[in-house]
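The analysis underlying the following values was restricted to heavy atoms, covering all of them including side chains, and did not include hydrogens, waters or symmetry mates. Position 1 is the first residue of the sequence; numbering continues from there.
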Amino acid sequence: MIQNINKVFNILSKKEKRNLFMLSATKLFSGFMDMIGIVSIIPFLTFISNKDLMNQNQIVIDIKNYFNFQDSEMIIFLAAVSLSILLLNYTFKLFDIWYDAYVNHNIFISLSTKLFDYYISRPYSYHLLNSTNELLEKVQVKVNFVVIGIITPLFQILGKVSTAFFITLILLKLNAAIVITILCLVLLIYLLIFRFLKKKLSYYGQYQSHASKMSFKIVDQALKSIKDIKINHNENFYTSMFNRVIKTMNTNAIKRAFYVLSPKAFLEMITFTLGYALIIYLLIIQSNSFHEVILTIGIFVLCFQKILPSIQGIYNEFTVIKFYKPSIDQIYDEVNSAVQYKSISEKSLETKNVLKFNEKIEFDNVKFKYLKGKKIVLDLRELSIESNDFIGITGKSGSGKSTLIDLITGLLDPTEGQIFIDKKVLNHNLKTSWQSNIAYVPQQPFIADDTITKNIAFGINQNKINMDNVKNAAKIAKLDNFIETELPLKYNTVIGENGIRLSGGQRQRLSIARALYSNLDLLILDEATSSLDSVTEYQILESILNSKLSKSIIMVTHRISTLKNSNKIIFLDKGKIEAMGKYEKLISDNTKFAELANDKS
């Protein structure tokens, strides 16, 4: 328990800690108000069970004389006072419920936002090793387990302990021996049940963590491959796999609910037994009068109506903590790292300068291998890329083209050697300013489920979008005619998730227009025209070169004929530079290049 409390406070801000301190105070005060509420009922029960007592109590006599009350009016007065206190109590409970939800939901939002910021700020190499659906599941589901599996139960336990403690004080004044006996018996029963179920709850919690991850993975894979599923008619494969996971999770949830709630029924049976025993004890052993027995029983019933549900609630919350512990253990370190991490948005405020590309990019004895990999996938002893040039990069699949681009953009760091931008080492401090000056177009671009305008001016606030730049970028990418003649709302047309209402070539042209919109120094086309026919590809490339919107162009392609007009072609083979030069020279001097060019022609 202490360890869980320490974990909570390690990941919370000062404001969140203050809110939890206030929540603790409301829980304690709510328990105190429960006691006051029951205390307010006792005089009412006392005097309706024996009206003669009203004329023996000096406080009651003084109130009757002051207000000139009859006995019946006094009873109504006591009922009104009790109801007022109970109304105040339940009004405060409403506030407590609201404030509890407010604090817990705000902590969830804060942790979820920080975790998402942390993941999106991780280096590209981190995302190569972690699947998207796992990260999505952690941000949307598992981070909430920290709240519902630690924070909420802890403060629910505090509230219920407070209620049970304050109300027990009332019973101790009546008959301490009976109260202590009953409470010890009840607590012992719950302790034995919890110890018996502890391992089962841990097992169910572990499966819950595994099932949550698996269900996200199955749904993600199925929806991403929906075209293949429809063609191959293998929907049943995914639905049956999903059903197996969900059914097992459902079975475990039913068993957990049974184990958590069943002690309540068992406890009620014991309570009735103890109630009868109490009546017999008071009537026979202590020889109390009947109205004294009724009053005592009434007070015990009122108190235990609050105490027993509180004890059951405490037991429930302990089972919740035990159940969610495996999931929390899996994600806690990442949440803690996310809280400590300085966000990329905060960094971007500090880094406003853009690293201009005026001279050249240089590779000095650069080698690269992936994390957990043993093989060197790229080995470049010396390479220079001049600014204002049109550079082509080509080679067979697996030759290192994409890795070279990832190094140029700073997405990956060299395992050995250094990269220079205008004689400045491309290190961690320069990455953001360098990347801010790169327009990158991948082979399979991300297209948002939004308008054409917002896809071209991607990531820019609506009120800051320059429509002239949007239309100019579309024109250069040879997309303007399609937009203005075939789309019903033109630039305001919503194009569906991942541009599903566009062809592959149209999606690529849209991505090229997006890259051209900001007019940055370096344009990288990474197989960005693979879905276009050669004529359209040539027209777009000529349009880009003539527009001068991008001063330098690096183009990765298998279609070597596209690179005929480039200033230099870098021909890669097995992670090394096989040859470098203009198209005509490579065709005549390098057999491998000539063979590849003929294969792709």
Side-chain angles (χ1 to χ4, degrees), residues 120 124 127 344 348 354 357 390-391 402 405-406 408-411 432-487 489-533 536-557 562:
I120 208 168
Y124 181 64
H127 292 278
I344 196 72
S348 63
V354 172
F357 180 32
F390 171 25
I391 305 296
S402 294
I405 292 299
D406 290 341
I408 291 172
T409 57
L411 291 174
T432 302
S433 54
W434 169 237
Q435 289 166 344
S436 298
N437 205 15
I438 298 173
Y440 174 72
V441 187
Q443 181 178 7
Q444 296 178 330
F446 169 75
I447 306 296
D449 186 6
D450 214 324
T451 63
I452 292 284
T453 296
K454 288 186 179 179
N455 269 284
I456 293 176
F458 187 69
I460 298 173
N461 290 332
Q462 178 72 42
N463 57 357
K464 293 183 179 180
I465 294 176
N466 185 319
M467 279 307 300
D468 289 335
N469 288 356
V470 169
K471 291 179 179 180
N472 187 44
K475 183 178 180 181
I476 296 170
K478 301 300 178 185
L479 195 63
D480 57 328
N481 185 59
F482 165 73
I483 294 171
E484 293 174 4
T485 62
E486 296 187 36
L487 296 181
L489 298 178
K490 298 181 171 45
Y491 288 89
N492 291 320
T493 302
V494 176
I495 54 180
E497 184 181 7
N498 207 27
I500 197 167
R501 299 185 187 103
L502 303 178
S503 69
Q506 288 163 346
R507 287 198 291 270
Q508 286 194 328
R509 279 183 278 170
L510 183 62
S511 183
I512 292 170
R514 177 190 295 169
L516 295 172
Y517 173 83
S518 300
N519 188 22
L520 302 175
D521 281 356
L522 177 60
L523 172 64
I524 297 177
L525 303 171
D526 189 359
E527 299 284 2
T529 57
S530 59
S531 295
L532 300 174
D533 60 84
T536 304
E537 179 187 53
Y538 175 79
Q539 290 173 345
I540 291 173
L541 197 56
E542 283 296 302
S543 182
I544 293 171
L545 291 169
N546 293 333
S547 70
K548 292 296 181 183
L549 278 182
S550 293
K551 300 172 185 176
S552 309
I553 299 173
I554 298 176
M555 185 174 189
V556 179
T557 183
T562 308

**Student:** Report yes if some heavy atom in the side chain of Leu487 is under 4.5 Å from a heavy atom in the side chain of Phe482; otherwise report no.
**Tutor:**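 Sidechains of Phe482 and Leu487: in contact.
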
**Student:** Can you tell me if Asn437 uses its side chain to pair, donor with acceptor, with the backbone of Asp521 under 3.5 Å?
**Tutor:**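 Side chain of Asn437 to backbone of Asp521, a donor-acceptor pair under 3.5 Å: yes, one is there.
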
**Student:** Going by heavy atoms in the side chains, are Asp450 and Phe458 under 4.5 Å from each other?
**Tutor:**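 Not touching, per the 4.5 Å side-chain cut-off.
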
**Student:** Looking at Val441, is its backbone amide N or carbonyl O close enough to the side chain of Ser511 to form a donor-acceptor pair, meaning the two atoms are under 3.5 Å apart?
**Tutor:**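 No; judged by distance alone, with no hydrogens or angles, the pair does not exist.
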
**Student:** Spell out, as yes or no, whether a donor-acceptor pair under 3.5 Å connects the side chain of Trp434 to the backbone of Ile408.
**Tutor:**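 Yes, the answer is positive, given that a donor and an acceptor are paired below the 3.5 Å cut-off.
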
**Student:** Out of curiosity, Ile524 CD1 to Met555 CE, how far, rounded to the nearest 0.5 Å?
**Tutor:**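 With rounding to 0.5 Å, CD1 (Ile524) is 13.0 Å from CE (Met555).
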
**Student:** Looking only at non-hydrogen atoms, find the nearest pair between Gln435 and Leu411 and report the distance.
**Tutor:**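 Taking Gln435 first and Leu411 second, the nearest heavy atoms are NE2-N, 3.9 Å.
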
**Student:** For residues Arg509 and Lys478, report the shortest heavy-atom separation together with the two atoms involved.
**Tutor:**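 Nearest heavy atoms, Arg509 then Lys478: NH1-O, 2.8 Å.
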
**Student:** Verify side-chain contact (heavy atoms from CB on, under 4.5 Å) between Arg514 and Asn455, making sure each step is shown before the conclusion.
**Tutor:** CA-CA 7 Å; Arg514 177 190 295 169; Asn455 269 284; 3.2 Å; yes

**Student:** Got a donor-acceptor contact below 3.5 angstrom from the Ser543 side chain to the Ile476 backbone?
**Tutor:**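 Checking the backbone N and O of Ile476 against the side chain of Ser543, a donor-acceptor pair under 3.5 Å is found.
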
**Student:** So Ile456 and Leu510, do their side chains get closer than 4.5 Å, heavy atoms only?
**Tutor:**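 They are in side-chain contact.
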
**Student:** If we only count heavy atoms from C-beta on, is the Thr453 to Met467 side-chain gap below 4.5 Å?
**Tutor:**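 Thr453 reaches Met467 side chain to side chain.
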
**Student:** Would you mind reporting whether Tyr517 and Asn466 have side-chain heavy atoms less than 4.5 Å apart?
**Tutor:**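 Contact flag for Asn466/Tyr517 side chains = yes.
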
